[in-house]
Student: 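Right, I'll just put the structure down here and ask away after.
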Amino acid sequence: MLDDRAKLLLKTLVERYIADGQPVGSRTLSRSSGLDLSPATIRNVMSDLEALGLIASPHTSAGRIPTHRGYRLFVDTMLTAQREQMSTPSLAPDQPQKVIANAANILSNLSQFVGVVMAPRRASVFKQIEFLRLSENRLLVIIVSPDGDVQNRVIFPEADYSQSQLVEASNYINAHYAGLTIEQVRDRLQSEVEKLRGEIAALMQAAVQVSSEVLTEAQEDDVVISGERNLLAVTDFSSDMGQLRRAFELFEQKAQLMRLLDVSSKAEGVRIFIGGESQVVPFEELSIVSANYEVDGQVVGTLGVIGPTRMPYERMIQIVDITSRLVSNALSHRK
């Protein structure tokens, strides 16, 4: 455990490094912390923090910089972010797509980093599922949504089914499961699979898997990103084209961002991933601050800011928190 003096020095070091981008020396810490300590005492505390893996000493400088572990301790125990009135534009609730696009722009403009918003999730409900035998061990699954959208997928089951078996399975599924969400079907299937005949259970599992894939693929296009070019002005990236290229590849793929935002949606409040902590987006150079937004009290999406690990977390928390509330209010009050 760190004593109060060590905590204050670590907090001061992180804040100075975030502000200046330069390794922090003992003299700077002495001035900025307000503690009446000798340089020797500060150096001893810094040595202890370095031994704990909270700070590191670059080879080219006598100063120290925070490690990812140091950032994490700072974010978890030392931030004192307070919600305050920030100069943020309002979001007109005329069209959900415009609200989402505007929210991404607000996030990027206020943070000067990258704003990312996942559009409201569409209910994964099917109205009808049909199976068509194409050839041996090769089936076409036809999924019809309540609004009439049709998606087709070819699957390759281990067993070979006759067309009469496929019709029987389709009729059973449509009679007992139509109108439920894919998540509800999956939950019911887990408890009912032993009661179902083998071919129906297998086809049900295949239908659920295909429906989930269709929904995920459709929603990858529902991630709105704004401000990627802001990273060009960040020293941490502009000096390393390899890092910059990897970041832009991430924004182009979107699938990784979808998985990360989906993970974030299961948490309450503002969530922070530092460096490679998310595992979904394993970039040591990037940190992500995210929060959910709601429609009429129901969580439907996630938004956030992506920037360098050396970002002003307190301000990012405020920006993300306020923007999530703006989006929730705009979408919930739609006429």
Side-chain angles (χ1 to χ4, degrees), residues 18 75 79 81-121 219-234 236-237 244 247-248 250-265 267-275 277-278 280-281 283 285-295 299-332:
I18 287 174
V75 165
L79 277 184
Q82 300 292 327
R83 288 187 191 125
E84 59 185 33
Q85 293 298 321
M86 298 177 63
S87 178
T88 56
S90 60
L91 295 177
D94 51 354
Q95 294 181 10
Q97 295 84 354
K98 287 186 178 180
V99 171
I100 298 306
N102 289 342
N105 289 332
I106 289 173
L107 288 167
S108 65
N109 290 337
L110 291 179
S111 68
Q112 290 301 297
F113 298 132
V114 181
V116 56
V117 183
M118 182 173 71
R121 297 180 187 85
Q219 287 190 333
E220 281 182 18
D221 294 332
D222 293 342
V223 178
V224 181
I225 302 172
S226 177
E228 301 99 310
R229 294 183 64 85
N230 286 339
L231 294 184
L232 295 173
V234 177
D236 306 48
F237 289 95
L244 196 61
F248 274 81
L250 166 67
F251 302 139
E252 290 176 0
Q253 293 170 358
K254 291 189 178 181
Q256 286 179 301
L257 285 179
M258 274 294 299
R259 290 194 293 271
L260 176 64
L261 294 174
D262 189 54
V263 169
S264 299
S265 71
E268 295 183 0
V270 178
R271 188 165 186 179
I272 301 173
F273 296 98
I274 297 173
E277 280 184 345
S278 69
V280 178
V281 183
F283 290 172
E285 308 86 7
L286 289 176
S287 285
I288 302 171
V289 181
S290 65
N292 297 329
Y293 64 88
E294 304 175 347
V295 172
V299 173
V300 297
T302 310
L303 53 78
V305 166
I306 301 176
T309 303
R310 185 179 64 85
M311 68 163 66
Y313 290 97
E314 187 168 350
R315 179 168 173 77
M316 295 306 109
I317 290 173
Q318 294 169 355
I319 290 170
V320 169
D321 183 39
I322 290 174
T323 306
S324 71
R325 293 170 184 275
L326 286 174
V327 173
S328 297
N329 289 337
L331 295 180
S332 295

Student: Using every non-hydrogen atom in the two residues, find where L107 and G304 come nearest and quote the distance to one decimal.
Tutor: CD1-O, 3.5 Å
Student: Nearest 0.5 Å please: distance from the CG atom of L110 over to the CD1 atom of I322.
Tutor: 8.5 Å
Student: Minimum heavy-atom separation for N230 and Q112, please, with both atom names.
Tutor: CB-O, 3.2 Å
Student: On a heavy-atom basis, which atom in S290 and which in V320 lie closest, and how many Å separate them?
Tutor: C-CG1, 3.8 Å
Student: Does any part of the side chain of V223, heavy atoms only, come nearer than 4.5 Å to the side chain of V117, both counted from C-beta?
Tutor: no
Student: With a 4.5 Å limit on heavy-atom distance, are the side chains of L303 and V116 in contact?
Tutor: no
Student: Would you kindly say whether S287 and Y313 are connected by a side-chain donor-acceptor distance under 3.5 Å?
Tutor: yes
Student: Can you check whether E314 reaches I317 side chain to side chain, under 4.5 Å on heavy atoms?
Tutor: no
Student: Are side-chain heavy atoms of L326 and Y293 found at a separation under 4.5 Å?
Tutor: no
Student: State, with a plain yes or no, whether a side-chain heavy atom of I272 is found less than 4.5 Å away from one of I288.
Tutor: no
Student: Quick one, V75 and I274 - any side-chain contact, counting heavy atoms below 4.5 Å?
Tutor: yes
Student: Roughly how far, to the nearest 0.5 Å, is the CD1 atom of I225 from the CZ atom of F248?
Tutor: 10.5 Å
Student: With rounding to the nearest 0.5 Å, note down the distance linking CG in D321 to CE in M316.
Tutor: 13.0 Å
Student: Quick one: closest heavy-atom pair of V327 and A103, and the distance?
Tutor: CG2-CB, 3.5 Å
Student: Quick one: pull up CD1 in I319 and OG in S324 and give me the separation to the nearest 0.5 Å.
Tutor: 12.0 Å
Student: Identify, with sequence neighbours excluded, every residue that meets side chain to side chain donor-acceptor pair (under 3.5 Å) alongside S111.
Tutor: none
Student: State, to 0.1 Å, how close V99 and A330 come at their nearest heavy-atom pair, and which atoms those are.
Tutor: CG1-CB, 4.1 Å
Student: Return the set of residues passing side chain to side chain donor-acceptor pair (under 3.5 Å) with S226 (not counting sequence neighbours), or none when no residue passes.
Tutor: N105, S108
Student: Locate the shortest heavy-atom distance separating M311 from F113; write the atom from each residue and the value.
Tutor: CB-CE1, 3.8 Å
Student: Please list all pairs passing the salt bridge (charged side-chain N to carboxylate O under 4.0 Å, His left out) test where one or both residues lie in residues 110-120, with sequence neighbours left out.
Tutor: none
Student: Rounded at 0.5 Å granularity, tell me how far OG1 in T323 sits from CG in N102.
Tutor: 11.5 Å
Student: What distance do N292 atom CG and R271 atom CZ have between them, rounded to the nearest 0.5 Å?
Tutor: 10.0 Å
